[in-house]
Amino acid sequence: MDQPALLFSTRQSKYLAEKIAEHYGHPLGKVKFQEFSDGEYQPCFEQSIRGARVFLIGSTFMPDINLMEMLLMCDAAKRASAKSITAVIPYFGYARQDRKDKPRVPIGAKLVANLLSAAGATRIMTMDLHADQIQGFFEIPVDHIYASTILVDYVKKLNLKNLTIASPDMGGAKRANAYASYLKSDIVICYKERKKANVVDNMMLIGDVKGKDVIIVDDMVDTAGTITKAAALMMEKGANSVRAMATHAVLSGEAYNRIENSVLEELVVTDTIPLKRDDISKIKVVSCAPLFADVMHLVHARKSISNKFII
């Protein structure tokens, strides 16, 4: 009979890992981090993991220390003879670097995939990659979970009569269409032009939002420039209300102030990344911990996870 799986966490993701462990029904294992005076650190598992299935939980958001912790823990687990090492990465950093969109730039997502495999990960579990094709960067199994599994329940509870789903850009049209098809609603798309990263130069709306309750769906919110500008445009076009939903709350720079001062009714995010501020009334957090715990149970039991994908 298989022995119980062992769960461990990187330091900055312990807030989420503890919730996952609670839903999983197994406490987090102990990891001690030795820190050197120059900032270098070394993780050490304080229990035997020989022959065990190990789940290492940690989002790789900035700073880079979070990615490095995951890599070091994978290497330590490999050298401690773990039977399998699943890197549970709710937010997969560097996912926006999924291709060469101009000369002389790296493909950061592929580099991170290579690093994780080289460090010893035998399986990856993540949520809402910025680009689905990143799964193909790995030569090991990838369990790609979708936040829509939990976010659509939130939408249903709102009971909006004139619901319309919106994509903040052309790249998110597929995601918006999936939500709209499942919820049997209309769809609109924003067309935006950028001259440089994180700065929207011009935006146009494709579709009618007059009298509609709009929900903008995206995989992440970084500076919040796009969603707040899109929300303002939709209200100008006659929308009844505008909300936004995103999986990953990157929220850098002036994002928090932009959201609080915007026309958005609310921004709903998951807890793949911890909020830097908890005083913004418009930001609502829906936990992804139960979903990850369920999928981890199924993976450990070698059962199908297809019933966790509703759209």
Side-chain angles (χ1 to χ4, degrees), residues 8-20 31 33 35-36 38-43 56-75 87-99 101 105-116 118-119 121 124-131 134 137-138 144-145 147 168 171 194 196-200 218-228 244 246-260 267 269-280 283 285 287-289 292:
F8 299 92
S9 173
T10 58
R11 287 177 290 184
Q12 294 301 312
S13 289
K14 206 166 184 180
Y15 75 98
L16 175 58
E18 287 176 343
K19 289 187 281 187
I20 292 175
V31 184
F33 283 84
E35 295 198 21
F36 301 92
D38 65 347
E40 183 181 332
Y41 52 90
Q42 180 187 61
L56 305 179
I57 305 168
S59 286
T60 55
F61 52 86
M62 293 292 108
D64 286 326
I65 186 173
N66 293 308
L67 172 59
M68 195 63 190
E69 280 189 15
M70 175 60 74
L71 294 172
L72 288 173
M73 289 176 68
C74 283
D75 188 72
V88 181
I89 308 175
Y91 171 71
F92 187 90
Y94 291 92
R96 284 174 282 189
Q97 299 182 40
D98 62 302
R99 65 197 185 283
D101 55 354
V105 296
I107 303 179
K110 173 61 175 172
L111 174 61
V112 172
N114 288 344
L115 289 171
L116 287 164
I124 303 295
M125 189 178 296
T126 189
M127 175 176 276
D128 279 356
L129 289 167
H130 187 65
I134 292 173
F137 292 173
F138 290 91
H144 188 204
I145 306 169
R194 277 191 173 130
K196 60 180 180 178
N198 294 131
V199 179
V200 178
D218 208 352
D219 65 313
M220 69 172 69
V221 177
D222 189 351
T223 63
T226 297
I227 62 165
T228 53
T247 307
H248 310 298
V250 179
L251 299 179
S252 63
E254 290 296 310
Y256 286 93
N257 291 333
R258 285 192 182 117
I259 292 164
E260 186 69 359
L267 167 64
V269 297
T270 74
D271 50 359
T272 58
I273 301 175
L275 296 182
K276 302 180 188 73
R277 291 173 56 181
D278 58 5
D279 60 330
I280 307 300
I283 300 179
V285 180
S287 183
C288 62
F292 271 100

Quick one: list whatever passes side chain to side chain contact (heavy atoms under 4.5 Å, CB included) with A249, sequence neighbours left out.
->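 Checked A249 against side chain to side chain contact (heavy atoms under 4.5 Å, CB included); matches are L251, V269, L275.
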
What pairs with A17 under side chain to side chain contact (heavy atoms under 4.5 Å, CB included), at least two apart in sequence or on another chain?
->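 Partners of A17 under the side chain to side chain contact (heavy atoms under 4.5 Å, CB included) test: S9, L28, I57.
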
With rounding to the nearest 0.5 Å, note down the distance linking [atom1] in [X] to [atom2] in [Y].
| X | Y | atom1 | atom2 | result |
| --- | --- | --- | --- | --- |
| D218 | I227 | CG | CD1 | 8.0 Å |
| M62 | Q12 | CE | CD | 12.5 Å |
| F138 | H144 | CZ | NE2 | 10.5 Å |
| R258 | T228 | CZ | OG1 | 6.5 Å |
| L129 | F92 | CG | CZ | 6.5 Å |
| I20 | F292 | CD1 | CZ | 6.0 Å |

For [X], check side chain to side chain donor-acceptor pair (under 3.5 Å) against everything at least two apart and list the hits.
| X | answer |
| --- | --- |
| E40 | none |
| E18 | none |
| D278 | none |
| R277 | N257, D279 |

So, [X] side chain and [Y] main chain: donor-acceptor pair closer than 3.5 Å or not?
| X | Y | answer |
| --- | --- | --- |
| D219 | T247 | no |
| H248 | T272 | no |
| K276 | V250 | yes |

Do you know which two heavy atoms are closest between [X] and [Y], and how far apart they sit?
| X | Y | value |
| --- | --- | --- |
| R96 | D222 | NH1-OD2, 2.8 Å |
| G93 | V112 | O-CG2, 4.5 Å |
| A121 | A87 | CB-CB, 4.3 Å |
| L116 | M70 | CD2-CG, 3.8 Å |
| Y91 | S59 | N-OG, 3.1 Å |
| Y15 | D271 | OH-O, 2.6 Å |

So do P90 and L16 actually touch side chain to side chain, heavy atoms under 4.5 Å?
->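 Counting from C-beta outward, L16 and P90 do come under 4.5 Å.
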
Using 30° and 60° as the class limits, which term best fits the ring planes of Y41 and F33: parallel, tilted or perpendicular?
-> tilted

Heavy atoms of other groups near K14 NZ, more than 12 under 6.0 Å |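 Check fails, neighbour count at 12 or below.
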
CE of M68: more than 12 outside heavy atoms within 6.0 angstrom?
-> no

